[in-house]
Amino acid sequence: MFEIWESGEPARFVSDAETLKGALDKVDTICRLRHDQAAADLEQPQDGYRFEIRDEDGASLAMLAYRPDPSRPYQSVIVQELLEQDKP
């Protein structure tokens with residue numbers, strides 16, 4: 001089990017996932033939503049967003065800082081190699 005958190009003061013639980021790939025997909029979806037919000041000119045933090053994937057014991061496994069750029073189309077924040085790590 002993996003947990004996705006939006007870092008900040010205070011940190012906010014966003015979602016959970018059964019697999020790391022599922023957690024990465026959810027982070028990508030959240031970033032796409034933040035990009036869409038920025039494109040709609042909704043308020044956003046000056047320093048962008050920070051996300052963290054934690055294991056079931058709460059240990060941090062991965063962190064991502066994301067700052068949307070609404071002047072360009074959304075591009076996935078997940079590198080394809082991360083999704084293919086577990087393949088032989």
Side-chain angles (χ1 to χ4, degrees):
M1 178 68 79
F2 299 90
E3 297 179 342
I4 297 111
W5 288 77
E6 188 167 351
S7 303
E9 292 300 323
R12 182 176 66 91
F13 174 77
V14 177
S15 186
D16 59 13
E18 290 294 320
T19 65
L20 181 55
K21 182 178 178 184
L24 291 169
D25 285 340
K26 287 184 178 188
V27 168
D28 191 54
T29 299
I30 295 165
C31 289
R32 179 181 298 277
L33 291 172
R34 296 294 190 254
H35 181 272
D36 291 347
Q37 290 172 338
D41 205 22
L42 298 176
E43 188 175 323
Q44 62 180 354
Q46 285 286 339
D47 59 347
Y49 302 93
R50 298 188 187 287
F51 300 100
E52 187 175 352
I53 296 176
R54 299 178 184 176
D55 67 12
E56 58 195 27
D57 296 322
S60 179
L61 300 174
M63 297 176 80
L64 171 74
Y66 177 67
R67 174 178 263 153
D69 181 357
S71 68
R72 301 185 331 181
Y74 178 76
Q75 184 175 357
S76 177
V77 297
I78 305 303
V79 178
Q80 190 62 32
E81 289 80 17
L82 286 173
L83 299 175
E84 295 176 358
Q85 277 190 65
D86 56 343
K87 292 183 180 178

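Scope of the values below: all heavy atoms of this structure, side chains included, with no hydrogens, waters or symmetry mates.
Hydrophobic cluster membership differs between L20 and W5, with clusters built from Ile, Leu, Val, Met, Phe, Trp and Tyr side chains linked at under 4.5 angstrom. Under the 4.5 Å side-chain heavy-atom criterion for grouping Ile, Leu, Val, Met, Phe, Trp and Tyr, Y66 is connected to I4 within one hydrophobic cluster. By the criterion of side-chain heavy atoms lying less than 4.5 angstrom apart, applied directly or through intervening Ile, Leu, Val, Met, Phe, Trp or Tyr residues, L61 is grouped together with V14 in one hydrophobic cluster.
The line from CE of M63 to CZ of R54 is 8.5 Å long, rounded to the nearest 0.5 Å. Within the model, atoms CG of D28 and CD1 of I78 stand 5.0 Å from one another, a figure rounded to the nearest 0.5 Å. The CD1 atom of I30 sits 11.0 Å away from atom CG of D25, with the distance rounded to the nearest 0.5 Å.
With D55 contributing its side chain and D57 its backbone, the two residues share a donor-acceptor pair below 3.5 Å. Counting only distance, with no hydrogens or angles, the side chain of D16 and the backbone of E3 share no donor-acceptor pair below 3.5 Å. Judged purely by atom type and a 3.5 angstrom limit, H35 has no side-chain atom pairing as donor or acceptor with the backbone of Q75.
For Y49, there are no side-chain hydrogen bond (donor to acceptor under 3.5 Å, both in side chains) partners at least two apart in sequence or on another chain. Listed by chain and number, the residues in a side-chain hydrogen bond (donor to acceptor under 3.5 Å, both in side chains) with E6 are R12, R34 (sequence neighbours excluded). Residues forming a side-chain hydrogen bond (donor to acceptor under 3.5 Å, both in side chains) with T29 (at least two apart in sequence, or on another chain): none.
Closest non-hydrogen pair, P68 versus A38, comes out as CB-CB, 3.7 Å. Taking every heavy atom of both residues into account, E52 and S7 meet most closely at OE1-OG, 3.6 Å. Residues A65 and R50 come closest through the heavy atom pair CB-NH1, 3.1 Å. Heavy-atom minimum distance, G22 versus A17: C-CB, 3.7 Å.
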Determine, step by step, whether C31 and L64 satisfy the side chain to side chain contact (heavy atoms under 4.5 Å, CB included) criterion, reporting the C-alpha distance in whole Å, the side-chain angles of both residues, the deciding distance to 0.1 Å, and the verdict. CA-CA 10 Å; C31 289; L64 171 74; 3.8 Å; yes

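Residues Y74 and L33 fail the side-chain proximity criterion, which asks for heavy atoms closer than 4.5 Å.
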